[in-house]
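Below, read A as the first sequence line, B as the second, and so on, with proteins coming before strands; counting in each chain starts at 1.
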Amino acid sequence: MGNKQEEKELHPEDINEMMQVRRDKMKAFADKGILPFGHRYEVTHHAQDIRDHFDELEGEEDGPIVHMAGRLMAKRGHGKASFAELMDLSGKMQVYFKYDVLGEDKYANFRMLDIGDIIGIAGRVFKTQRGEITVKVEDFDLLSKSLRPLPEKFHGLKDVEMRYRQRYVDLIMNPEVRETFISRTKIIKAMRSYLDARDFLEVETPVMSTIAGGAAARPFITYHNALDMKLYLRIATELNLKRLVVGGLERVYELGRVFRNEGIDVRHNPEFTSVEIYQAYADYNDLIELTEGIVRDAAEKVLGTTKITYQGLEIDFANVKRISMNDAVKEATGKDFLAAKTVEEARAMADDAGVPYEQKHGIGGILNAAFEEKVETTLMQPTFITGHPTEISPLAKRNPENPMITDRFEFFVYGRELANGFTELNDPIDQEQRFLEQVKQREAGDAEAHMMDRDFITALEYGLPPTGGLGIGVDRLVMLLTDSASIRDVLLFPHMRAKAEE
RNA sequence: GACUCACUAGCUCAACUGGCAGAGCAACUGACUCUUAAUCAGUAGGUUCGCGGUUCGAUUCCGCGGUGGGUCACCA
């Protein structure tokens, strides 16, 4: 007890009784000459390897010795024999500690272990009378003493705030979380290999820049001390990638983080992962096919099928629809906005259809408002919407037949935008006019309108080949393929407000 | 940013209209050499998110604040 008092003075802050007990055990191990925090351990088998190769490994007396390492997740003591569960990357394995095998001292050491401790074991594989594959421990080492108690073994960690803030505990306690993030990595790998196989060059462009362009969004602002200047975190990779196509890198893509200073909800995190892809001499139709291919391939590689179930809804990526924005709106409202000759006429149609719009909207803006209001959330099955108004597409090339609209598409699944692409605007004169229009909107108070990017105009003046471009929201694709309801469930460390103290 | 719901032991959750704050798991002590949410007996563990207020009395009612979830707004 005197010892306990001493320890309390060393850690006066918030060490509760359970943590104190663990610190005492750590000290007891150290007093016995056992390092509570070990060094390396030669692992020969993961839990899954043992299950996979049980036939070769089995043998209480003469089977080979296997070495495993992992976290102790459960202890079931029976006096002089105990079962425990050891969890490694591949899963859990039952291990058996027996007084007769280990001897008094080591068995006493085992009894001192806590759930959560990381140990290495050496033992032989056998099957219990109940038929469970188990490793009978002949020797073990404490590799890392755990000083904090884990959440409850049966219910796991439920508190969503703690799951996001302390993802490491979530990963320990909830195996499906681990699966989700393994899937995330597989999806990203699948996208890379799909693009690499088609001769796309993966590149990296600056995250910090003096102009945040390529999307309609408010940027984060940071500051460079030595240069004494304001910098923006990128909101898209688009303009730099097109510069590279000007430079002759005909097929490029960048898979990386972009940052947008906007609200947070189940679909939005301030930083998110996008992949943007540019292909010279292609148009938006080629990119629609590429989008379909990427998504289908990722689904097949991760799930083995293009048919997924998302939040209870069956979605088949092999069955994709395509319809123009105007036709989709026409179907939903009976109004042909592109037939409107004047803004007044379009406004009357919108009023009639119960679509709210703003004064700044032209015909195209009103069509888009009608689409967002009446169509977007109904697009549950994979659907490519094409022909977006020029007014809302400052970087897309106009449709040759109808300059009101662009050769653009957006890919919707479950009522959400998953990808966006278009034939790139490569006419520097037109691009400059569009930027000027954006700047006007910006000056009128639209913080999300584009900034003027003179150098980008210059690049276009050197000549951008006809090019198709595409951006995919990687997090959203991962959500769909892992059946995750919130973007936070596919981000290892979603953005959280800083805690007041700590 | 608005609205709304939540916050109780390490974790998962209880506590009727305001009346001594409880359980399971985890922990601790003991029993137990094939259990698997092991079992059995016992013990300990709380600033009920924080600060105010109403009340004889607040986990409960009211106000302000914090954090989180959801919906909306903005957007991908």
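- B:rU54 and B:rG1 are spaced 32 Å apart, taking the P atom of each and rounding to whole Å.
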Residues A:Asp489, A:Tyr164; criterion side-chain hydrogen bond (donor to acceptor under 3.5 Å, both in side chains); working and verdict | CA-CA 8 Å; A:Asp489 294 324; A:Tyr164 297 149; 2.9 Å; yes
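- A:Arg416 comes within contact range of no nucleotide atom at all, as no heavy-atom separation falls under 4.0 Å.
- Nearest-nucleotide positions on RNA chain B for A:Gly473 and A:Glu85 put A:Glu85 closer to the 5' end.
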Atom pairs under 3.5 Å: protein N/O with N/O of nucleotides 39-43 of chain B:
none

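- To the nearest whole angstrom, the two P atoms, one in B:rG50 and one in B:rA21, are 16 Å apart.
- Between A:Gly156 and A:His495, the residue whose closest nucleotide on RNA chain B is further toward the 5' end is A:Gly156.
- Comparing B:rA31 with B:rG68, their P atoms sit 48 Å apart, to the nearest whole Å.
- A salt bridge is absent between A:Lys127 and A:Glu58; no separation between the charged side-chain nitrogens and carboxylate oxygens falls under 4.0 Å.
- Residue contacts shown for A:Gly263 include a base, since a base heavy atom lies under 4.0 Å away.
- Nucleic acid contact class of A:Asp475 (heavy atoms, under 4.0 Å, all strands): none.
- Contact annotation: the side chain of A:Thr423 never approaches that of A:Arg408 to less than 4.5 Å [non-hydrogen atoms, C-beta and beyond].
- A:Lys158 comes within 4.0 angstrom of the backbone, heavy atoms only, and of no base.
- Nucleotides B:rC20 and B:rG30 place their P atoms 36 Å apart, quoted to the nearest Å.
- The salt bridge (charged side-chain N to carboxylate O under 4.0 Å, His left out) pairs that include a residue from residues 259-272 of chain A are A:Arg257-A:Glu271, where partners are two or more places apart or lie in different chains.
- The same atom, C1', is picked in B:rG45 and in B:rA9; the two are 6 Å apart, to the nearest Å.
- Here A:Asp446 lies out of heavy-atom contact (under 4.0 Å) with every strand.
- The separation of B:rC40 from B:rA23, taken at their P atoms, amounts to 16 Å, rounded to a whole angstrom.
- The residue A:Met173 sits apart from the nucleic acid: no heavy atom pair falls under 4.0 Å.
- In this structure, the side chain of A:Ser484 does not engage the main chain of A:Ser486 through any donor-acceptor pair within 3.5 Å.
- Counting only heavy atoms from C-beta outward, the side chains of A:Arg124 and A:Val135 never approach each other to under 4.5 Å.
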Any chance you could list the contact pattern along nucleotides 23-30 of chain B? Use B for base contacts, S for sugar-phosphate-only contacts and - for none, protein heavy atoms under 4.0 Å, 5' to 3'.
-> -BBBSS--
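- To the nearest whole angstrom, the two P atoms, one in B:rU60 and one in B:rG24, are 26 Å apart.
- Checked against side-chain contact (heavy atoms from CB on, under 4.5 Å), A:Ala447 has the following partners two or more places apart in sequence or in another chain: A:Arg218.
- Contact check on A:Glu138 versus A:Lys136 returns no salt bridge, with no Lys/Arg side-chain nitrogen under 4.0 Å from an Asp/Glu carboxylate oxygen.
- By the 5.5 angstrom centroid cut-off and the 30-degree plane limit, A:Phe83 is classified as not stacked against the base of B:rA38.
- Separation of the A:Phe371 and A:Phe412 ring centroids falls under the 6.0 Å cut-off.
- If you check every strand for non-hydrogen atoms under 4.0 Å, A:Glu417 touches sugar and phosphate atoms only.
- Between B:rC74, B:rU36, B:rC11, one nucleotide has an atom nearer to the side chain of A:Arg130 than all others, and that is B:rU36.
- Inter-residue side-chain proximity for A:Ser82 and A:Tyr107 is flagged as met; some heavy-atom pair is nearer than 4.5 Å.
- When only modelled atom types and interatomic distance are considered, A:Asp24 and A:Gln20 share a side-chain donor-acceptor pair under 3.5 Å.
- Distance check on atom C1': B:rC51 versus B:rA37 gives 41 Å, rounded to whole Å.
- Between A:Phe422 and A:Tyr284, the distance from one ring center to the other does not fall under 6.0 angstrom.
- On a pure distance criterion of 3.5 Å, no polar donor-acceptor pair joins the side chain of A:Gln129 and the base of B:rU35.
- A search for side-chain contact (heavy atoms from CB on, under 4.5 Å) contacts involving A:Arg442 returns A:Ala449, A:Met451, not counting sequence neighbours.
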Given Watson-Crick and G-U pairs under 3.5 Å, RNA chain B in dot-bracket ([ ] crossing, | other strand) is (((((((..((((.....[..)))).(((((.......))))).....(((((..]....))))))))))))....
